Amino acid sequence: MQVDVLAGDLVELRPWRVEDASWYVEARDPSIYRWTTEDPELTIEAAARAISGIAENESVAACAIWSDELGLVGNIAVEIDVDGRVGEVSYFLGAAARGRGFATEAVELACAWVLAQEFVDSIRAEVAHGNRPSERVLERAGFTRVGEAEHPTLGPSSVWQRGD
């Protein structure tokens, strides 16, 4: 799904570019592998292929997170289940960008855009138990903890929701 540039005070969400593939692969670190479903074996070539197909995938809105100060700092995606009227947000930041409010603003921007398009009525997130920084991002972005789940990759997780 094609997403226009979404600008906030701290970050800008912009479409991924094929030339961003090396950053995407290299920015991921043990913390990202611990708390997300990112594949540690991902190659630059595979990332470039995935980036090339983003605009055509009507069920995913994915953007690079850009900071004027640092350049590329992260990834955010909302997977959309049109039939269920629910989106699921996921995100990560490179190490240098953490703790600066970038993730919170990126989540706010992405969720506001998806909800405004009326693709879904609510957006959810699953956060692995112990990932308190991600829970704080969701709290600040207007999400409420609504339950618990057993995620197939993350294991025991809390479920968060924004919207109906």
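For reference, positions follow the sequence shown, starting with 1. The model shown is predicted, which means the values in this text are computed figures rather than measured ones.
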Taking it one step at a time, do E135 and R132 satisfy salt bridge (Lys or Arg N to Asp or Glu O under 4.0 Å)? CA-CA 5 Å; E135 291 180 335; R132 188 65 187 128; 3.4 Å; yes
Chi angles and distances behind the side chain to side chain contact (heavy atoms under 4.5 Å, CB included) call for R162, V89: CA-CA 10 Å; R162 176 175 165 176; V89 67; over 6 Å; no
For residues 63-71, tabulate all N or O donor-acceptor pairs below 3.5 Å that involve a side-chain atom, not counting sequence neighbours.
residue	atom	partner	partner atom	Å
W66	NE1	D68	OD1	3.3
S67	OG	E69	N	3.1
S67	OG	L70	N	3.2
E69	OE1	R100	NH2	2.8
E69	OE2	R100	NH2	2.7

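Within the structure, ring-ring contact (aromatic ring centres under 6.0 Å, His included) contacts touching residues 83-102 (residues at least two apart or in different chains) are Y24-F92. Each side chain to side chain donor-acceptor pair (under 3.5 Å) pair with one or both residues in residues 106-118, not counting sequence neighbours, would appear here, but there are none. Sorted by first and then second residue, the side chain to side chain donor-acceptor pair (under 3.5 Å) pairs involving residues 50-63 (not counting sequence neighbours) are N57-S59.
The heavy-atom pair separating Q2 from P15 by the smallest distance is NE2-CG, 3.4 Å. Taking both residues in full, the closest heavy atoms of G87 and V78 are given as CA-CG1, 4.1 Å, listed atom of the first, atom of the second, then distance. Minimum interatomic distance between G74 and W23 (heavy atoms only, all atoms of both residues): N-CH2, 3.3 Å.
Note that the OG1 atom of T144 and the CD atom of E139 stand 9.0 Å from one another [nearest 0.5 Å]. Rounding to the nearest 0.5 Å gives a distance of 15.5 Å between CH2 of W160 and OG of S122. Distance check, rounded to the nearest 0.5 Å: CG of L93 to CG of L72 gives 11.5 Å. Here the CG-OG1 distance, from L109 to T104, works out to 11.0 Å after rounding to the nearest 0.5 Å. Annotation: the span from E45 atom CD to L42 atom CG amounts to 9.5 Å, rounded to 0.5 Å. Atom OG of S157 sits about 9.5 Å away from atom CG of N131, to the nearest 0.5 Å.
More than 12 heavy-atom neighbours from other residues, nucleotides or ligands sit within 6.0 angstrom of CD on E88.
Criterion: ILVMFWY side-chain heavy atoms under 4.5 Å apart, direct or through other members. Under it, V107 and W16 are not part of a common hydrophobic cluster. Cluster annotation: I76 is not connected to V60 through the hydrophobic network of ILVMFWY side chains, with a link wherever side-chain heavy atoms come within less than 4.5 Å. If you chain together hydrophobic residues whose side chains sit under 4.5 Å apart, M1 and I123 fall into the same group. Under a hydrophobic clustering in which Ile, Leu, Val, Met, Phe, Trp and Tyr are joined whenever their side-chain heavy atoms come within less than 4.5 Å, directly or via other members, V127 and L154 fall into different clusters. Under a hydrophobic-cluster definition in which Ile, Leu, Val, Met, Phe, Trp and Tyr are linked whenever side-chain heavy atoms come within less than 4.5 Å, directly or via other members, F119 and L13 are assigned to the same cluster.
Residues satisfying the side chain to side chain donor-acceptor pair (under 3.5 Å) criterion with E126, sequence neighbours excluded, are absent altogether. Listed by chain and residue number, R14, E19, D20 satisfy the side-chain contact (heavy atoms from CB on, under 4.5 Å) test with R17 (two or more places apart in sequence, or in another chain).
Side-chain contact between V86 and D121 is absent, with no heavy-atom pair separated by less than 4.5 Å.
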